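Sharing a structure below in structure tokens format, with a few things to ask.
In what follows, chains carry the letters A, B, and so on, assigned in the order in which the sequence lines appear, proteins first and then strands, with residues in each chain numbered from 1. Since we're looking at a predicted model, the values are computed, not measured.
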2 protein chains.
Amino acid sequence: MPVAELLPLRDLAACCAPITREVISELDAGRLARTLKAVADPARLRLISMVAAHEDGEACVCDLTEPLELSQPTVSHHLKVLVESGILSRSKRGTWAYYTIVPGSLDSLAGLLATV
Amino acid sequence: MPVAELLPLRDLAACCAPITREVISELDAGRLARTLKAVADPARLRLISMVAAHEDGEACVCDLTEPLELSQPTVSHHLKVLVESGILSRSKRGTWAYYTIVPGSLDSLAGLLATV
DNA sequence: CACAAACATTGACGAGCGTCGATGTTTTGG
DNA sequence: CCAAAACATCGACGCTCGTCAATGTTTGTG
């Protein structure tokens, strides 16, 4: 469920801000809520931040387990949630799994949130 | 926990984007996660949207219960969560309770999310 | 091939969340 | 003062979520 497919693009012809805006659909609300849930967790927020702050913008599980003070299975679980929601991407090189932030994913999610 | 007090203002002197950004603190991650959790729910996202789309940008519980297809106690519960997180504000006039979006709350929350 | 390292997966547990019916509280109207 | 309307609160239920120990899987190494 990549962030880019969360919602259809807003009608670009809407040049004038309408007096009464349109209510978000039940389907879109469910999709957006699912992605927001993926981010609405202290450990996952820190994981995102740590990946972004790490060298070359990528980090493996071993880089994240110790500073997060959580067990390795828990860290892997959180990373999986973030990958499945389209925030992070995973690339395996050798024994290591490197995680990277999907460019623009956080920004588009923030954009969707701001226009609810 | 108003949104405005979620995080201290970023250092405005940071004119140049640092090679390695700073990791969000455990405390800030917890606070931001709590506010995001308040928004990461389909019913609450629709409530926010319905309040914004309603006449004069305010709506009472009776306006929201039927279109949301949820019981009145459930709607009141969701509204309370949104008020306590600083997204909505409540003003009682007579028997009715009118809910309004706190100006800029969603935008600042989105801004915090985008800079994690 | 055997062993170790890095992750992923599984199963289980406790805590928290969304929902509702029932009930309490406050305000208006007669 | 009493009845009705609009909400809020309470208590309870099922479900989801975050966490961990144990185990499985894959890759590199001697």
Side-chain angles (χ1 to χ4, degrees), chain A residues 1 26 29-51 54-55 58-85 87-100, chain B residues 1 24 26-27 29-51 54-55 58-85 87-100:
Chain A
M1 169 198 9
E26 195 173 342
R31 290 201 264 242
L32 180 54
R34 254 191 304 163
T35 308
L36 284 173
K37 266 186 212 296
V39 173
D41 180 87
R44 290 198 280 266
L45 283 176
R46 298 198 75 201
L47 277 176
I48 295 172
S49 182
M50 290 166 65
V51 168
H54 206 265
E55 201 173 358
E58 68 176 7
C60 59
V61 181
C62 56
D63 293 327
L64 307 168
T65 301
E66 180 197 351
L68 242 187
E69 296 180 350
L70 287 177
S71 71
Q72 175 263 320
T74 301
V75 174
S76 280
H77 163 68
H78 286 311
L79 290 171
K80 183 181 184 180
V81 171
L82 291 172
V83 167
E84 287 177 341
S85 62
I87 307 293
L88 295 185
S89 70
R90 189 182 98 113
S91 72
K92 195 166 185 182
R93 293 202 301 271
T95 322
W96 291 269
Y98 291 93
Y99 288 87
T100 314
Chain B
M1 173 204 4
I24 190 175
E26 195 171 345
L27 188 63
R31 289 202 266 242
L32 181 53
R34 255 191 303 164
T35 308
L36 284 173
K37 265 185 212 296
V39 172
D41 180 87
R44 291 198 280 267
L45 283 177
R46 299 199 75 201
L47 278 176
I48 295 173
S49 182
M50 291 167 64
V51 167
H54 206 264
E55 201 174 358
E58 68 176 9
C60 60
V61 181
C62 55
D63 293 327
L64 308 168
T65 302
E66 180 196 352
L68 241 188
E69 297 179 348
L70 287 177
S71 71
Q72 174 264 319
T74 300
V75 173
S76 281
H77 163 67
H78 286 312
L79 290 171
K80 184 180 182 181
V81 171
L82 290 173
V83 167
E84 286 176 342
S85 62
I87 307 292
L88 296 184
S89 70
R90 190 182 98 114
S91 71
K92 194 167 185 180
R93 294 201 302 270
T95 321
W96 290 269
Y98 291 92
Y99 288 86
T100 314

All heavy atoms of B:Trp96 vs all of B:Cys60, minimum pair found to be CD1-SG, 3.9 Å
Rounded to whole Å, OH of B:Tyr98 lies from C1' of D:dA8 at a distance of 17 Å
OH of A:Tyr99 to CG of A:Leu79, rounded to nearest 0.5 Å, is 5.0 Å
Extract from the structure each pairing of a protein N or O with an N or O of nucleotides 13-16 of chain D at less than 3.5 Å, listing the distance.
none

Side chain to side chain contact (heavy atoms under 4.5 Å, CB included) filter on A:Gln72, not counting sequence neighbours, yields A:Val61, A:Thr65, A:Ser76
Residues at least two apart in sequence or cross-chain that pass side chain to side chain donor-acceptor pair (under 3.5 Å) with B:Thr100, listed by chain then number, are none
Atom CG of B:Leu79 and atom C1' of D:dT9 are separated, to the nearest Å, by 14 Å
In B/S/- notation (B base, S sugar-phosphate only, - none; protein heavy atoms under 4.0 Å), nucleotides 16-29 of chain C written 5' to 3' is --SBBBB----SS-
Which pairs would a plain distance check flag for residues 39-51 of chain B, meaning a side-chain donor or acceptor within less than 3.5 Å of a matching protein atom at least two apart in sequence or in another chain?
from, atom 1, to, atom 2, distance (Å)
B:Asp41, OD2, B:Ala43, N, 3.0
B:Asp41, OD2, B:Arg44, N, 3.2
B:Arg44, NE, B:Ala38, O, 2.6
B:Arg44, NH1, B:His78, ND1, 3.0
B:Arg44, NH2, B:Lys37, O, 3.4
B:Arg46, NE, A:Ile24, O, 3.4
B:Ser49, OG, A:Ile24, N, 2.9

**Message:** Does a side-chain N or O of A:Arg90 approach OP1 or OP2 of C:dA8 to a distance below 4.0 Å, or not?
**Reply:** yes
Sorted by chain and residue number, the side chain to side chain donor-acceptor pair (under 3.5 Å) partners of B:Ser89 (sequence neighbours excluded) come out as none
B:Glu66 CD to D:dA5 P, in whole Å, measures 17 Å
Side-chain N or O of B:Tyr99 closer than 4.0 Å to phosphate OP1/OP2 of D:dA8: yes
Here the gap from B:Ile87 atom CD1 to B:Thr35 atom OG1, rounded to the nearest 0.5 Å, amounts to 6.5 Å
In short, A:Asp63 meets A:Ala59 closest at the heavy-atom pair OD2-CA, 3.9 Å
